[in-house]
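These notes are about the structure you will find just below.
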Amino acid sequence: MRGKNTNLLHGLTHCLIQWFSNKVHHTPYTSFLHCRTNLCSTLLKVKGKLASYTYEEASRAYGLYEDLQRIKDTLSIVRGLLLDAEEKKNQQHALREWLRQIRNICYDAEDVFDGFELQDKKKQVLETFGSNWMKVRHYLSSSNPLAFRFKMSHQIKEIKDRLDKVAADGTRFGLIIIDVEPRPTVQRREFTHSHVDALSVIGREDDKEAIIQLLGESNPQGDSDKSLCVIPIVGIGGLGKTTLAKLVFNDKRIDEVFQLKSWVCVSNGFDIRHIIIKMINSAYVSASTPPSVGCTVIAQQEDINHFDIEQLQISLRNKLSGQKFILVLDDIWNDDRAKWIELIDLIKVGAAESKIIVTTRINSIASMMGTVPSYVLGGLSPENCLTLFVKWAFKDGEEEQYPNLVEIGKEIVKKCAGVPLAVRTLGSSLFSKFDLNKWLFVRDHEIWNLEQKKDDILPALKLSYDEMPSYLRQCFAYFSLFPKDHTFNVFEMAFMWIGLGLVQSMNGSEKLEHIAREYIHELHSRSLLQDFNDFVYNSDFKMHDLIHDLALYVAKEEFVRVDSNTRNISEQARHLSIIENDSLEHVLFPMSTSVRTILLFSKGAGLDNEALLDTWVSRYKYLRYLDINVSSFETLPDSISKLKHLRILVLTNNRNIKRLPHSVSKLHNLQVLQFDGCTELEALPRGLGKMIGLQYLVITTKQSVLSLAEFVNLKHLQVLAFHCCKNMKLLFSRVQQFTSIVTLSLQSCWSLESLPLHLFPNLESLLISDCKILRTSFNSESPIHKLRLKNLYIGDFPGISTLPEWIEGAAQTIETLVIYELPNLLMLPECLTTMTHLKWLDIIGCPQLLNLPSDIHHLTALKELHIAGCPELCRKCKPQFGEYWPIIAHIKNVFIELIGEE
C-alpha cells in the first residue's frame, strides 16, 4: 500500500505543477503539502480538545456532549479522507479548494470550542470575585448557562453541517478513508557519486585538510574492541558536505593509507540490505595498493541482487575482512540507533584504523554515529562566494566585459550567506543574461521569490522541512513572520507556540513549556537554528538567512510579512507581522475576522495610529497574539476586553503609556502579558487577579507597593519579572506563598529593600540585577531556608564583597550559577564546593576575586567554567600553565578570557 501511495503522490504533485505552470513552479507543490501536513495536525489538535476532560465535562454540563461527539466522529472521517487526498492525482484544483475549506472549518471550530474554556474561566472568576448582584447580573446576561447552551448549540450545528459537506465532497472526489497516517513521503535529491573535479571546488581546502588530519589520527576508542572511527560532517543543506567528502575520498593521500574504498549514498531511508549491496558493489582497491594484495584496481561487481540477507552479509564481511578501509556514508537521515549498530556490527571485521565518514544535516544523528566530535562545516568567505558566483554566471573570462554586473553580483552573493549551492543557484539563473534589470531583480528580491529548479537551493533545503514531524512544521512556519537576523528568545518562542495551541502534551502531564523547549532543541539539532546560547534563563538563538527563506517558502498565504511593498493581503491570512512602519499607512488589512497573530517589528515609533489599533481590536476578535511594542499611544482602548481569545499581549517599551484600562482584566484566556519598559505606567490595572490564565507576567510600574490581592489568584503564574520598577519598595504588602512561580526576575528595582524568598517555595530560576538598595540587606536573610533553586544569576551590585548567605540553602539543587559585574567581590561562598549538581559556573567582571576554592575539583558534575574580567584569577586559571589548571582541567569546557592575550 505504501509504494502505491508514493506513486500516487508523485502523480498528484506533477498534476499540480502542470496546473500552475504559468506561475512560479514551486508554489503548488509546497502549498499543497504544507497545507495537508498542517491540516492533519490542526484536525488532531481540534479532536484532542474535544477528547479532553475539560471539554467532556463542560459539554455534559451544557447538554452538548452528543453534538460534540458527532463532530469528533466526523473529524475522524475527514482526517481519513485528508490522508488519502495527498495520494490522488486528479481534480487538482478542486482538491486544493477542498483543502482550503477544511482549513477554514478547523480554524472556526477551534474558535467555537475555545468558548468552553472561556465560559469555564468566567465561572471561576465569578465564583472568586463575584458579589451576589454580579451573579444575578451574569444570570440575566447573554453569558448565562441557558443562553450559552443555545449559542453553542447553534455554532456547533453549523460546524457539523460544514464538516458533513466536506466529508461528502471528499467521497465524490473518490477519496477513501485511511485509518493510519502513512510515513511522510519525502522528495529526495538525486543519489550522489564519489567523483569530483577538485579544481572546480572553491574555498574548501582548509576543510579538506582538517578531515584528512582526523583520518590520520588513531581511533579514540582504541583497538581492543575493533571499534571504528566515525567522523561526522554536519551542516545545513547546500553547504557542500558531500563535495567535501568527495574531495577527501579522492585525495591521493587517502589511497596511500587505505587499502579499500567505498562510497554509499544512503539518502532514501536506511535499508540495511540496500546499503550492504551498495557497499559490496562500490568497494574497490585503492590505486596505490601494491599488486601483491592480489586485487585489481576496480573490483568486478557481483550479481548479488538476488542474494538473501545472510548471503549478503557473508559476502560483505569476506570483502572487508582484514582490509583497512575507508567508507563514506553520504546524506544520512536515519535516527534509529538500532539500525546503525546493526550495520557497524557487520563491518567491524576490517583492519584496525579503518574509518567512516558520514554526512548529515542533523546534529543528533551526527552525535549518535560519531566517535569523534562532529565537523561542523561553515560557509564560504565572501571572496570565495564571489569567485564561485562569477564561475556560474559567466563563461571563462567573460566577466571582464561586464564590470557593472560583477558589482551587482557582489550584492547578490550576500544573500547567499556563504552557502555554495545558493551561490550556484543564483549564478546559474543569470548565466548568459546581460540585461541589467534581470540582475537587479535577483538582487532586490528574496530567494524564495525567485524561480527554482529541482536541484537548486530551496528544493534542497526543503528536504529538511519534509523530514520534520508535523508538529515541528507548524512551529517552523512561524519563523517566517520575523525579520532576518532576528535574535529569538527561547522563552518568548515557547510561550508563543503554546499560546497559539501548537504545543501538545501526549500524556497530559508534561509541562508545555518543557515540550516547546524540546521543539526548539530538535530544530537546532536539525541544523535549522544557529548561534544558540543555551542558558536556562534568557536562552536565545538565530536563524541562517537561507533557513529563513525556507520558512517564507513554506509559509505561503497564511503567514504574511507586511512591508512597504505590500499592496494587498489575502483573506486566508491568519498571521501578520509588520516589518516597516511606513506600511501601516497604505496596506489594506484583510476584512476577514480570522486573523490570529499581529506582530509589530517596525523600527522607530512603532504603532502611533490609535484608530488602526481600534480597527484591529474590533475586527479581529479571534486574535491569539497581539504584539504592539515600542508604540506611542498613552493607553489601550477599553475595547481590548473584546479579544476574548487573546493568549499573548506584548506592550514592551511603550514609553508613553500611562495606564492600562481596567477592562484588560476581562482577558481571562490571557497567558502572557508583558509591559516591561513602560516606564510611565502609573499603576497596575485593577482586577489583574481576574486574569486567571496568566502564566508569564513581566512588569514595569511606578508603584511603590504592590497589592497582594492582585496576584493571589494567579494560580497558574510560572514566570514573574519586575524590570525597572524603580519606586517599588516591597514585592507584596502581605505575606502569602506563591507555589506556582518557578522563575523570578528582579532587574533595576532600585528601591527594593528585601527579598522574601520564602514566599516562593518552588522557585527554580532567580535573576537579581542592579537592585541598588537590596544590597544593604542582601546578607541578612535569616534563617537560611531550604531552596529548590536550579539556576541563579546575580549581577551588577558594586557594593557587595560576599555573596548572600541564603545561597547555602540552594547548595544541593543548584545547576547554574552566574556571577557578573560584582567589582568588589572578594571571595566565593564556602558552600560552592558542596554544589554537587552544579553544571555551569560563570564568573564575569569580578576583578577583586583572586582565588578559587582548592577543592573545586570535587565538583564532578561541572561541565562548563567561564571566567572573564577577573585578571588575576584568569591568570591563575590559564590552560596548561596556570596554578589552578590542575584542579579545573577535568571540566569539559573551560573558557578563560585573558584580556590582551590571544
For [X], ring-ring contact (aromatic ring centres under 6.0 Å, His included) partners two or more places apart:
X: Tyr622; result: His645
X: His524; result: Phe532
X: Tyr696; result: Phe495

Exercise for review: May I ask you to test the Ile520-Leu529 pair for a side-chain heavy-atom distance under 4.5 Å?
Suggested key: yes

Can you name the side chain to side chain contact (heavy atoms under 4.5 Å, CB included) partners of [X], sequence neighbours left out?
X: His662; value: Pro685, Arg686
X: Pro661; value: Thr635, Leu636, Asp638, Ile640, Arg659, Ser663
X: Thr615; value: Arg619
X: Lys542; value: Asp485, Thr487, Gln530, Asp531

Side chain to side chain donor-acceptor pair (under 3.5 Å) partners for [X], two or more places apart:
X: His575; value: Tyr478, Thr597
X: Glu680; value: Lys702
X: Ser748; value: Asp770
X: Asn653; value: Arg655

**Study point:** Inter-residue atom distance Leu643.CG - Tyr625.OH, 0.5 Å rounding
**Key:** 15.0 Å

Review point. Which salt bridge (charged side-chain N to carboxylate O under 4.0 Å, His left out) pairs, counting each pair once, include a residue from residues 620-629, with sequence neighbours left out?
Key: Asp111-Arg624, Asp114-Arg624

Checking the side chain of [X] only, and the main-chain atoms of [Y] only, is there a donor and an acceptor separated by less than 3.5 Å?
X: Arg596; Y: Tyr107; result: yes
X: Asp676; Y: Ile699; result: no
X: Asn713; Y: Gly689; result: no

